[in-house]
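Worksheet: one structure, shown below.
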Amino acid sequence: MLAAEMRAQLKRKVETYNTEKGRNIGLAVVIVGNDPASQIYVRNKIKACEEVGFKSFAHYLPGDISQRRAEELVRSLAEDTAVDGILVQLPLPGHLNAQKLLGLIPAEKDVDGFSAENCGKLLLNEKGLVSCTPFGIMKLLEKYNIKIAGSNAVVLGRSNIVGKPMAMLLLNADATVTVCHSKTKNLKDICSAADIIVSAVGKAGFVTADMVKDGAVVIDVGMNRTDKGLCGDVDFENVSKKCSYITPVPGGVGPMTITMLLYNTYLAAVDR
Ligand code: GUN
């Protein structure tokens with residue numbers, strides 16, 4: 001499994017770094033409130049961080065924390081030399097100005113790749129920190145020798161976290177990219193012509209077999225809680241019969257997202 005392989009490789013590199021520099025690479029994780037899904041994500045991130053040899057700085061803030069207090073924390077982490085990467089778990093409670101808070105994370109510590117500077121670098125195809133989920137998907141495509149250049153790639157969803165950076169990465173790798181969203185017409189026709197489909201819609205069973213070309217590659221970013229448990233966006237049972245590669249949920253993209261967070265934190269430390 002690629003995620004496990006990359007983490008083992010990273011662990012060795014981190015050991016060397018920590019020994020040479022006489023300090024541990026540090027990742028600060030900020031979570032506000034007690035959204036159960038976010039709590040689980042953060043717990044998994046912190047666990048993965050420690051397994052690979054990072055020092056983690058977890059900040060659990062009350063759901064009613066003021067903007068000023070939250071900003072003070074992010075500013076102090078920005079200045080803290082023991083902290084190489086800062087992650088503010090989203091979503092934040094409605095009373096907080098998320099853009100303003102995230103804007104206080106310096107680009108070189110922005111291990112989520114959400115800052116305007118890192119998004120701009122991605123747009124310009126320059127070196128920067130890239131959003132973990134799409135970055136992990138590129139690593140998966142690379143690992144399985146999937147030809148991207150010249151392919152028709154369809155991205156379902158246009159979020160700042162997944163859809164948009166995914167489209168840019170595929171475009172930078174010379175795919176012909178179509179981004180579909182809730183207002184897209186002829187969705188089935190567009191998907192049926194795709195060599196690669198990346199679905200980040202958030203609806204269980206959204207991608208059905210009649211939308212998928214024989215031999216296509218289907219990447220499922222969905223994390224939908226249903227009566228049957230955790231499900232992706234793709235009707236796995238039927239779509240898997242048609243495509244050449246498909247990622248399962250759970251287990252496909254999810255573990256890569258955390259792996260790329262670790263990888264970005266390592267890059268942030270090495271490049272500082
Ligand atoms: N919430 C859901 N996904 C993510 C992510 O990748 N990073 C952060 N910070 N919050 C999230």
Side-chain angles (χ1 to χ4, degrees), residues 3 26-49 54 56-61 63 65 70-71 73-74 77-78 83-94 96-119 122 128-140 155 157-169 198-203 219-225 230 232-233 247 249-250 252-268:
L27 174 67
V29 178
V30 179
I31 176 167
V32 184
N34 42 25
D35 173 63
S38 291
Q39 296 271 344
I40 295 170
Y41 292 146
V42 162
R43 205 181 317 133
N44 289 339
K45 287 172 185 180
I46 290 169
K47 190 164 156 261
C49 205
F54 293 163
S56 66
F57 302 89
H59 295 272
Y60 291 88
L61 307 182
I65 192 162
E71 285 182 13
L73 172 65
V74 176
L77 296 172
V83 172
D84 297 276
I86 304 170
L87 178 151
V88 176
Q89 185 66 23
L90 301 177
L92 288 168
L96 292 178
N97 182 335
Q99 271 325 101
K100 193 157 175 239
L101 199 58
L102 295 178
L104 298 173
I105 302 173
E108 57 285 3
K109 292 191 180 187
D110 167 35
V111 286
D112 260 328
F114 293 169
S115 68
E117 189 173 332
N118 282 317
C119 290
L122 178 60
L129 292 165
V130 177
S131 182
C132 302
T133 299
F135 193 16
I137 291 170
M138 293 306 283
K139 292 281 178 196
L140 276 173
V155 178
R158 54 174 158 178
S159 69
N160 292 335
I161 296 182
V162 182
K164 288 186 205 169
M166 187 74 249
M168 285 324 303
L169 286 167
V198 179
S199 182
V201 171
K203 285 187 188 157
I219 308 289
D220 193 348
V221 186
M223 291 273 255
N224 308 301
R225 270 156 236 282
L230 188 65
D233 290 347
T247 62
V249 177
V253 172
M256 284 307 292
T257 296
I258 296 191
T259 304
M260 299 322 290
L261 171 70
L262 304 173
Y263 187 70
N264 275 348
T265 307
Y266 175 74
L267 290 181

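All ligand and atom numbering here is 1-based and tracks the order in the structure. When a residue number appears, it is its place in the shown sequence, counting from 1. Here the structure is a predicted model, which means the values were calculated and not measured.
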Would K45 count as a contact residue for ligand 1, given that I'm defining contact as a non-hydrogen atom of the residue lying under 4.0 Å from a ligand atom? yes
Y41 near ligand 1 by a heavy-atom separation under 4.0 Å: no
Nearest protein heavy atom to atom 11 (C) of ligand 1, by residue and atom, and its distance? Q89 NE2, 3.4 Å
For atom 9 (N) of ligand 1, what is the closest protein heavy atom, and at what distance to 0.1 Å? D112 OD2, 2.6 Å
If you look at every heavy atom in P106 and I86, which pair is closest and at what distance? CD-CD1, 4.3 Å
Given V74, L77, V83, the one that forms side chain to side chain contact (heavy atoms under 4.5 Å, CB included) with K109: V83
Polar side-chain atom of [X] near backbone of [Y] as donor-acceptor pair, under 3.5 Å:
{"X": "N264", "Y": "L129", "answer": "no"}
{"X": "D220", "Y": "T247", "answer": "no"}
{"X": "S131", "Y": "G113", "answer": "no"}

Under 4.0 Å from atom 6 (O) of ligand 1, is there at least one protein heavy atom? yes
Select the closest option to atom 1 (N) of ligand 1 among L90, L87, I86, T133, judged by heavy-atom distance. L90
Atoms of ligand 1, numbered as shown, that sit under 4.0 Å from any heavy atom of V88: 8 (C), 9 (N)
What do the steps show when you test F114 against N160 for side-chain contact (heavy atoms from CB on, under 4.5 Å), and what is the final call? CA-CA 8 Å; F114 293 169; N160 292 335; over 6 Å; no
